[in-house]
2 protein chains.
Amino acid sequence: MNQKGGTNNLVFKIISNHILFKDFDKELISKIASNFTEEIWPAHTCSHCHYLKHKFHIIASGRLKIFNTDKETGREFTIFLLSKNDFFDVISLLEAGPHTIYYESLEKVRMISIPMLTMHEWLRKYPVLNQKLLPYVIKQLLTLEEYAISHTLFEIPVRLARLIIKNLNPDSKKIELIDDLSNDEIANLIGTTRAVVNRHFQEFKKEGILRIGRKKMEVINVPLLFKKALNNPKKTIS
Amino acid sequence: MNQKGGTNNLVFKIISNHILFKDFDKELISKIASNFTEEIWPAHTCSHCHYLKHKFHIIASGRLKIFNTDKETGREFTIFLLSKNDFFDVISLLEAGPHTIYYESLEKVRMISIPMLTMHEWLRKYPVLNQKLLPYVIKQLLTLEEYAISHTLFEIPVRLARLIIKNLNPDSKKIELIDDLSNDEIANLIGTTRAVVNRHFQEFKKEGILRIGRKKMEVINVPLLFKKALNNPKKTIS
DNA sequence: TAGGTTAAACTACTTAAGTATCAATAAAAC
DNA sequence: GTTTTATTGATACTTAAGTAGTTTAACCTA
């Protein structure tokens with residue numbers, strides 16, 4: 001019905017290439033796309049989870065962090081750093097209990113969204129959608145498991161090294177997604193504070209692992225970085 | 001075909017009451033049940049994830065922990081403490097990359113299992129199964145998120161108090177599932193060491209929150225316990 | 001009940017991480 | 001181009017948690 005164009009081109013383009021919907025037939029994709037509306041969050045738009053319970057979003061461009069805060073200490077922990085094609089909130093897909101987390105756009109974020117009710121309806125109507133969703137959720141499960149483990153068993157330098165490696169393009173050897181973040185945001189990603197991150201960055205620099213500029217970083221010794229990522233508390237090297 | 005009895009009564013009883021299968025019709029449940037075999041792990045049976053990739057298990061009785069170890073320090077972190085009706089390994093349901101975790105039975109564990117291939121086949125054949133699985137996986141996601149957050153932002157006494165609260169029966173006020181664990185196993189659950197757990201147990205005891213015996217514990221002041229669970233680093237009370 | 005085994009309690013020490021503060025510097029705004 | 005703001009770099013200090021080792025108590029069983 002809304003075939004040529006749907007609500008607009010952006011929505012159709014995203015939906016038809018998206019992991020959740022791409023295998024649906026063209027007709028259905030158009031119908032699905034027509035339910036989405038475009039939404040733009042300016043940089044540093046902050047939103048409480050509560051207000052998002054009624055909407056399901058897919059990111060078209062820009063980065064958005066899901067985080068938790070400890071009001072007492074003011075410290076933050078970035079649980080997920082979402083970018084293109086990621087969607088939220090997965091937890092709200094399940095009618096679970098209260099789930100206090102926050103969202104903030106790191107820059108201007110373009111996204112498409114539908115009412116959560118519609119998404120719920122589709123999940124009932126198209127069981128295949130559950131099949132598509134499951135691998136994504138399990139991948140998030142793995143990510144969180146990794147967080148829990150490394151925040152429990154590993155020290156900051158190890159966590160820092162692993163964060164960089166995880167965002168290192170294996171071909172270009174360039175750091176992606178996080179290379180332009182401040183020390184503060186890096187600290188949030190590994191669950192520590194700015195001062196501690198900076199302390200270890202200085203160490204990494206001195207050891208010739210990283211080259212660091214203002215809001216940019218570059219790996220100059222990959223093997224050494226991988227060595228840092230091993231948990232080796234009793235260093236034999238002086 | 002294998003209607004009366006199936007492979008045996010235990011399997012049928014578990015399957016027909018299990019969250020994953022209970023809504024299937026009797027015929028299908030019998031067919032499904034006939035694929036399961038019973039398995040018993042004696043107390044302290046330890047198994048590496050690798051060997052379990054080819055099987056899917058549902059626990060009938062006993063406790064089993066999923067954990068990770070840091071070989072360097074010997075420290076352990078219990079990711080999940082599974083008991084009746086829990087199943088594993090969820091991550092292996094997705095054909096993901098390597099996932100190094102370990103399993104150990106805390107006591108004699110009775111379970112029923114099928115080849116992972118069969119489970120994969122069913123997930124394709126019965127999309128409803130994905131629908132049943134999703135809420136469970138999302139619940140695990142929530143649990144891991146909670147771990148990641150509390151291990152990042154909260155100190156040991158808070159984590160200890162929350163662990164107890166999470167396993168506190170709201171009606172009976174009795175601690176369940178973990179009340180007979182050693183300090184060592186408690187430490188694994190909150191990601192610290194035995195000595196530290198004991199240190200804070202002594203504190204809790206002195207403050208009149210807990211009564212502690214050898215491998216048993218009891219809450220004697222619930223409100224104080226809840227107060228401990230709040231993250232309140234700057235205590236005004238001396 | 002004696003002897004052995006295991007877990008818990010206690011003490012002393014070490015260290016990484018967190019905190020506070022300020023100076024230096026780059027970027028952005030006016 | 002000057003002021004303002006944000007980010008980084010650096011120093012000194014505090015503390016919770018980790019580590020090591022010993023003592024005490026509970027439990028088991030021979």
Side-chain angles (χ1 to χ4, degrees), chain A residues 43-44 69-70 72-77 106-107 150-161 163 178-207 210-218 228 231-235, chain B residues 43-44 69-70 72-77 106-107 150-161 163 178-207 210-218 228 231-235:
Chain A
H44 309 294
T69 296
D70 177 17
E72 306 292 336
T73 61
R75 280 178 58 189
E76 261 185 46
F77 168 45
L106 295 192
E107 56 256 331
S150 65
H151 290 201
T152 304
L153 300 176
F154 307 141
E155 306 191 333
I156 306 288
V158 175
R159 280 146 68 175
L160 189 54
L163 173 74
I178 60 157
D179 59 318
D180 61 342
L181 296 181
S182 66
N183 289 1
D184 223 333
E185 288 297 348
I186 297 288
N188 294 343
L189 281 166
I190 58 173
T192 181
T193 58
R194 187 199 70 77
V196 176
V197 161
N198 187 264
R199 187 182 299 161
H200 294 292
F201 265 158
Q202 298 312 316
E203 194 63 29
F204 279 33
K205 220 163 72 178
K206 218 189 309 176
E207 297 178 51
L210 294 179
R211 194 195 323 271
I212 297 173
R214 201 183 178 75
K215 287 201 174 195
K216 66 181 162 211
M217 52 176 157
E218 204 185 330
K228 274 275 173 201
N231 197 33
N232 232 345
K234 310 131 187 161
K235 284 159 205 153
Chain B
H44 309 295
T69 297
D70 177 17
E72 305 293 335
T73 60
R75 281 179 58 191
E76 260 185 47
F77 167 45
L106 295 190
E107 55 256 334
S150 65
H151 290 202
T152 304
L153 300 175
F154 306 142
E155 304 191 334
I156 307 286
V158 176
R159 281 146 66 177
L160 187 54
L163 174 73
I178 59 157
D179 60 316
D180 62 342
L181 295 181
S182 66
N183 289 2
D184 223 332
E185 287 297 346
I186 297 288
N188 295 341
L189 280 168
I190 59 173
T192 182
T193 58
R194 191 198 65 75
V196 176
V197 162
N198 186 263
R199 187 182 298 160
H200 294 292
F201 266 157
Q202 297 313 314
E203 194 63 29
F204 279 33
K205 221 163 73 179
K206 219 189 308 175
E207 296 177 52
L210 294 181
R211 194 196 323 273
I212 296 173
R214 199 186 176 76
K215 288 201 177 193
K216 66 180 162 211
M217 51 177 158
E218 203 186 331
K228 274 276 173 199
N231 197 34
N232 232 346
K234 309 131 188 161
K235 284 160 206 152

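Side-chain atoms are counted along with the backbone in the values below, which use heavy atoms only and exclude waters and symmetry mates. Every chain is numbered from 1 and lettered A, B, ... according to where its sequence line falls, protein lines coming before strand lines. A quick note: this is a predicted structure, and the numbers were derived from the prediction, not measured.
Rounded to 10°, the helix from C:dT1-D:dA30 to C:dC30-D:dG1 has 40° between the axis fitted to its first five pairs and the one fitted to its last five.
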Determine all donor-acceptor pairs shorter than 3.5 Å in which one atom belongs to a side chain in residues 195-202 of chain A; sequence neighbours excluded.
from   : atom 1 : to     : atom 2 : distance (Å)
A:Q202 : OE1    : A:K205 : NZ     : 3.3

Run the side-chain donor-acceptor check on residues 186-194 of chain A: report pairs under 3.5 Å with partners two or more places apart or on a different chain.
from   : atom 1 : to     : atom 2 : distance (Å)
A:N188 : ND2    : A:E76  : OE1    : 3.4
A:N188 : ND2    : A:E185 : OE1    : 3.4

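Residues B:P157 and B:F204 approach most closely at O-CZ, 3.6 Å, considering heavy atoms. Summarising the geometry of B:S182 relative to B:K215, their closest heavy-atom pair is CB-CE, 4.3 Å, with the distance given to 0.1 Å. Of all non-hydrogen atoms in B:L153 and A:R75, the two that sit nearest each other are CD2-CB, 4.0 Å.
Rounding to the nearest 0.5 Å places CG of B:L106 at 8.5 Å from CG of B:D180. Remark: A:S150 OG to B:D70 CG distance equals 11.5 Å, nearest 0.5 Å. Rounding to the nearest 0.5 Å gives a distance of 11.5 Å between CD of A:E203 and CG of A:L160.
Annotation: side chain to side chain donor-acceptor pair (under 3.5 Å) contacts of B:T152 (sequence neighbours excluded): A:H151.
The shortest distance between the side-chain N/O atoms of B:Q202 and the OP1/OP2 oxygens of C:dC10 is below 4.0 Å. One finds no side-chain N or O of A:K215 lying less than 4.0 angstrom from the OP1 or OP2 phosphate oxygen of C:dA27.
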Using a cut-off of under 3.5 Å, enumerate the N/O to N/O pairs linking the protein to nucleotides 13-17 of chain C.
from   : atom 1 : to     : atom 2 : distance (Å)
C:dA17 : OP1    : A:I156 : N      : 2.7
C:dA17 : OP2    : A:H200 : NE2    : 3.4
C:dA17 : N7     : A:R199 : NH1    : 3.4

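Rounded to whole Å, atom C1' of D:dT8 lies 17 Å from atom CZ of A:F204. Taking atom NZ of residue B:K205 and atom C1' of nucleotide C:dA7, one finds them 12 Å apart after rounding to whole Å. Whole-Å rounding puts the B:L153 CG to C:dG18 P distance at 10 Å. Atom CZ in A:R214 sits about 7 Å away from atom P in D:dT7, given to the nearest Å. In this structure, A:E72 atom CD and C:dG18 atom P are separated by 17 Å, rounded to whole Å. Following rounding to the nearest Å, A:N198 (CG) and C:dA20 (C1') show an atom-to-atom distance of 15 Å. Between B:M217 atom CE and D:dA26 atom C1' there is a gap of 17 Å when expressed in whole angstrom units. For the pair A:L210 CG and D:dT8 C1', the interatomic distance rounds to 15 Å; values are reported in whole Å.
The shortest side-chain heavy-atom distance between A:I178 and A:M217 falls under the 4.5 Å cut-off. Looking at heavy atoms from C-beta onward, B:K228 lies in side-chain contact with B:E207 at the 4.5 angstrom threshold.
Side chain B:R194 to base D:dG18: no donor-acceptor pair is found below 3.5 Å.
Near DNA chain C, meaning a heavy atom under 4.0 Å from it, residues 178-186 of chain B has B:S182, B:N183 in order of number.
At the heavy-atom level, A:K216 lies nowhere under 4.0 Å from the strands shown.
Ranked by how close their nearest DNA chain C nucleotide is to the 5' end, A:G191 and B:A195 are led by B:A195.
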What verdict does the side chain to side chain contact (heavy atoms under 4.5 Å, CB included) test give for B:E107 and B:H44, after you've listed the backbone C-alpha separation in whole Å, the side-chain angles of each residue and the deciding distance to 0.1 Å? CA-CA 6 Å; B:E107 55 256 334; B:H44 309 295; over 6 Å; no

